[in-house]
Amino acid sequence: MTDDVDARDYPQLLAAGESVLDEVTELFVDGLGSPGTHAKGRGDFATDVDLALERSIAEKLERRTGIEVHGEEFGGPAPDDGAMWILDPIDGTFNYSVGMPIAAMLLALAVDGVPVLGLTRLPLVGQRFAGHIGGPLIIDGEAAEPVPDSPLESAVIGFGSFNARARGEVPGAARAELQRRLSYRAGRLRMTGSTGTDIAYAAAGVFGGAVSFSAKAWDNAAGAALMRAAGGVVTDLAGDPWTVQSASLVAGNRLLHGQLLEVIGEAMPDQFADRDLGSRERTNSKETHP
């Protein structure tokens, strides 16, 4: 039986997402170390656990909420039209497959492409992050204070994994140059191998900010919602508000986010030559949400 839920009843939908992830946590934990058995491209793969988790989570969510799921492994309807769950059953699959506990379940709700609700679970280290627009961010079941402002110079920055040979909108050489410049400006850089973890830590104030080169909505949507719930700013590399169609992500507290964009503009002048990156922070502070 389907118990349709109002797509704007965020507390009820958050509770439904929490309940479903609770029910599959044991499967996630028991599968640690599962080998990559489903090749998806050079250096990219899924485990049997990825597939089993996505099937189970999607079935439960659709049955309980009446809202369809767009997942990493099996796809689904386009996530930019109406209400849609966006799911990454294991973020940090390479970590997970070699037995490293920095791996997460990522679940977001987007409405017309804008993330409004997010859940990030790190079952192997016992951390849970949840929230919806309007806040607050909830960490391990407790409401957190809004993310505090901190300057780039004293902050840890989560830096998305990259291949120096990568192509696309931001080629590997530009990513390496950004890493080089940030290494001089930031307190520390960290590459956890789990994009969702990086953004959740930024929302919680553990990291000052995070940079993701992923164009995949399932990598970034949950963290984007958490960052907004925490009172931070989340955009793409050019400083435009993040949506499921964005090809990258930059998250941070309001002070640090503007500083990150400045360094990005210096490191990637060819990519964003026609964008006024330095002025984006003022625009982002007036973001609107459905």
Side-chain angles (χ1 to χ4, degrees), residues 8-19 21-22 91 102 104-111 114-159 182 185-190 192 194-212 220-235 239 241-242 249-261 280-290:
R8 295 178 187 268
D9 187 344
Y10 303 142
Q12 186 174 357
L13 288 164
L14 190 69
E18 292 269 27
S19 175
L21 295 187
D22 284 344
D91 179 58
I102 304 301
M105 290 189 286
L106 309 180
L107 179 63
L109 180 73
V111 176
V114 177
V116 297
L117 178 157
L119 300 102
T120 295
R121 294 283 186 92
L122 282 78
L124 299 164
V125 297
Q127 291 182 312
R128 300 182 300 156
F129 305 88
H132 55 73
I133 58 171
L137 177 69
I138 301 169
I139 303 174
D140 297 333
E142 300 291 334
E145 294 294 324
V147 62
D149 284 343
S150 61
L152 183 59
E153 287 72 21
S154 63
V156 176
I157 303 299
F159 197 81
L182 281 175
R185 291 282 303 276
R188 291 289 188 275
L189 296 181
R190 293 290 181 263
T192 68
S194 168
T195 298
T197 298
D198 291 344
I199 310 170
Y201 281 1
V206 177
F207 290 175
V211 177
S212 166
N220 298 325
L226 294 177
M227 197 74 223
R228 287 169 174 161
V233 181
V234 58
T235 68
W242 193 90
L249 178 144
V250 180
N253 65 66
R254 293 189 178 276
L255 171 63
L256 183 143
H257 184 271
Q259 296 174 332
L260 268 178
L261 289 185
R280 292 289 180 179
E281 184 185 13
R282 292 187 297 275
T283 300
N284 295 334
S285 68
K286 300 177 181 178
E287 288 178 348
T288 59
H289 307 283

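Worth knowing before you read on, the calculation uses all heavy atoms, side chains too, and leaves out hydrogens, waters and symmetry mates. Residue indices begin at 1 and follow the sequence shown.
Across all non-hydrogen atoms, the minimal contact from Ala222 to Ala108 is N-CB, 3.5 Å. Across Met227 and Ala202, no two heavy atoms sit closer than the pair CE-O, 3.7 Å. When all heavy atoms of Ala186 and Ile157 are compared, the closest pair comes out as CB-CG1, 3.9 Å. The two residues Asn253 and Ser150 make their nearest non-hydrogen contact at ND2-OG, 2.9 Å. The minimum heavy-atom distance between Pro136 and Ala143, with the atom names listed, is CG-CB, 3.7 Å. Across all non-hydrogen atoms, the minimal contact from Ala204 to Ile139 is CB-CD1, 3.6 Å.
Looking at Arg228 and Val114, their side chains come closer than 4.5 Å, going by heavy atoms from C-beta outward. Side-chain atoms of Leu249 and Thr235, non-hydrogen and from C-beta on, never get closer than 4.5 Å to each other. Put simply, the side chain of Val234 does not reach to within 4.5 Å of the side chain of Val250, judged on heavy atoms. Looking at Leu256 and Val233, their side chains never come closer than 4.5 Å, going by heavy atoms from C-beta outward. Proximity of Leu182 to Leu260: side-chain heavy atoms (C-beta onward) are separated by under 4.5 Å at one or more points. Counting only heavy atoms from C-beta outward, the side chains of Asn220 and Ile199 approach each other to under 4.5 Å.
The side chain to side chain contact (heavy atoms under 4.5 Å, CB included) search around Ala110 returns Ile86, Val244, not counting sequence neighbours. Taking the side chain to side chain contact (heavy atoms under 4.5 Å, CB included) definition, one finds that Ala200 meets it with Thr120, Phe129, Leu226, sequence neighbours left out. Remark: Pro151 engages Glu153, Ser154, Leu255, Gln259 in a side chain to side chain contact (heavy atoms under 4.5 Å, CB included) (not counting sequence neighbours). For Thr195, there are no side-chain hydrogen bond (donor to acceptor under 3.5 Å, both in side chains) partners two or more places apart in sequence or in a different chain.
In this structure, the side chain of Asp91 does not engage the main chain of Ala104 through any donor-acceptor pair within 3.5 Å.
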request  = In sequence, state the C-alpha distance, the side-chain angles, and the governing distance for Leu119 and Leu21, and then conclude on side chain to side chain contact (heavy atoms under 4.5 Å, CB included).
outcome  = CA-CA 9 Å; Leu119 300 102; Leu21 295 187; 4.1 Å; yes
key: Evaluation steps, side chain to side chain contact (heavy atoms under 4.5 Å, CB included), between Phe207 and Thr192   = CA-CA 12 Å; Phe207 290 175; Thr192 68; 4.2 Å; yes
ask   = Which is it for Val156 and Val206 under the side chain to side chain contact (heavy atoms under 4.5 Å, CB included) test, yes or no, and what are the steps along the way?
value = CA-CA 8 Å; Val156 176; Val206 177; over 6 Å; no
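Each salt bridge (charged side-chain N to carboxylate O under 4.0 Å, His left out) pair with one or both residues in residues 114-139, not counting sequence neighbours, appears once here: Glu18-Arg121, Asp22-Arg121. Applying the salt bridge (charged side-chain N to carboxylate O under 4.0 Å, His left out) test to pairs two or more places apart or on separate chains, none has a residue in residues 196-210. For residues 132-159, every residue pair satisfying the ring-ring contact (aromatic ring centres under 6.0 Å, His included) rule, not counting sequence neighbours, is listed here: Tyr10-His132, Phe159-Phe162, Phe159-Phe213. Applying the salt bridge (charged side-chain N to carboxylate O under 4.0 Å, His left out) definition to pairs two or more places apart or across chains, none involves residues 131-150.
To the nearest 0.5 Å, the span separating CG on Leu117 from CG on Leu13 amounts to 6.5 Å.
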